[in-house]
Structure formats: C-alpha cells, structure tokens
Amino acid sequence: VTTDVGQCREVLGDGKYGWIIPAGNPVELAKALAEVLNNRTVAEQKAALLQTHIIQEYGGNGFMKMYEIFIKRINKSGTNF
C-alpha cells in the first residue's frame with residue numbers, strides 16, 4: 001500500500017503490484033490496509049508480482065539495460081563530456 005506520490009504509481013505498475021491511494025487520505029489508507037489484511041491471497045499474488053517486477057526493472061540487469069540505452073543515446077547525439 002502506497003500513496004500516489006513521486007514514482008510510486010509507476011513502481012507499483014499503476015496498481016498491478018499493490019494498492020495506490022491518494023496522498024493525505026486516511027480513510028482510503030485504512031480501506032486499503034483492511035483489504036490487504038482481509039484478502040491474503042490477492043496480497044500475496046501482488047507481492048510476488050512486485051518482487052519479480054522490481055528485480056527485472058530495478059535490479060542489476062534492468063539497470064544495465066537502461067544504462068546501455070542511455071550510453072547509446074549519448075553516442076548518437078555526439079555529446080562530449
């Protein structure tokens with residue numbers, strides 16, 4: 001469960017990997033937490049999906065993939081440092 005700030009929505013796959021609630025809304029926060037506690041199967045499924053997503057997108061391999069794309073863009077632009 002996270003609030004909809006910064007890149008939280010992106011990290012949670014627009015809600016695919018967790019619950020996203022509006023910032024500053026304790027009622028929605030309580031509802032989301034209750035849903036997690038009352039629906040363990042869904043919570044565990046989302047947690048497993050999140051773990052895979054984090055490893056793929058933000059782990060070493062994902063980082064290196066994005067870094068390679070970044071370097072290729074710099075080379076194409078002819079930017080000198």
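Reckoned from all heavy atoms, side chains included, excluding hydrogens, waters and symmetry mates.
The side-chain heavy atoms of Leu50 and Leu12, taken from C-beta on, include a pair separated by under 4.5 Å. No side-chain heavy atom of Val36 sits under 4.5 Å from any side-chain heavy atom of Val42.
Evaluation of the salt bridge (Lys or Arg N to Asp or Glu O under 4.0 Å) rule for Glu57 yields no partner, not counting sequence neighbours. Legend: residues meeting salt bridge (Lys or Arg N to Asp or Glu O under 4.0 Å) with Lys31, ordered by chain and number and at least two apart, are Glu28. Under the side-chain hydrogen bond (donor to acceptor under 3.5 Å, both in side chains) criterion, Glu35 pairs with Trp19, not counting sequence neighbours. The side-chain hydrogen bond (donor to acceptor under 3.5 Å, both in side chains) search around Asp14 returns Arg9, not counting sequence neighbours. Every residue meeting the side chain to side chain contact (heavy atoms under 4.5 Å, CB included) condition with Leu49, not counting sequence neighbours, appears here in chain and number order: Tyr17. With sequence neighbours excluded, no residue satisfies side-chain hydrogen bond (donor to acceptor under 3.5 Å, both in side chains) with Asn25. By the side chain to side chain contact (heavy atoms under 4.5 Å, CB included) test, Ala47 is found to be paired with no residue, residues two or more places apart in sequence or in another chain being considered.
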Donor-acceptor contacts under 3.5 Å from residues 58-72 side chains, at least two apart:
residue: Glu68; atom: OE2; partner: Lys72; partner atom: NZ; Å: 3.1

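Every pair tested for ring pair (Phe, Tyr, Trp, His ring centres under 6.0 Å) that includes a residue from residues 20-44 fails, sequence neighbours excluded, so the list is empty. Applying the side-chain hydrogen bond (donor to acceptor under 3.5 Å, both in side chains) test to every pair with at least one member in residues 37-49, sequence neighbours left out, gives these pairs: Arg40-Glu44.
The CD1 atom of Ile21 lies 4.0 Å from the CG atom of Leu29; values are rounded to the nearest 0.5 Å.
Summarising the geometry of Ile20 relative to Gly15, their closest heavy-atom pair is CD1-N, 3.3 Å, with the distance given to 0.1 Å.
A donor-acceptor contact shorter than 3.5 Å is absent between the side chain of His53 and the backbone of Gly13.
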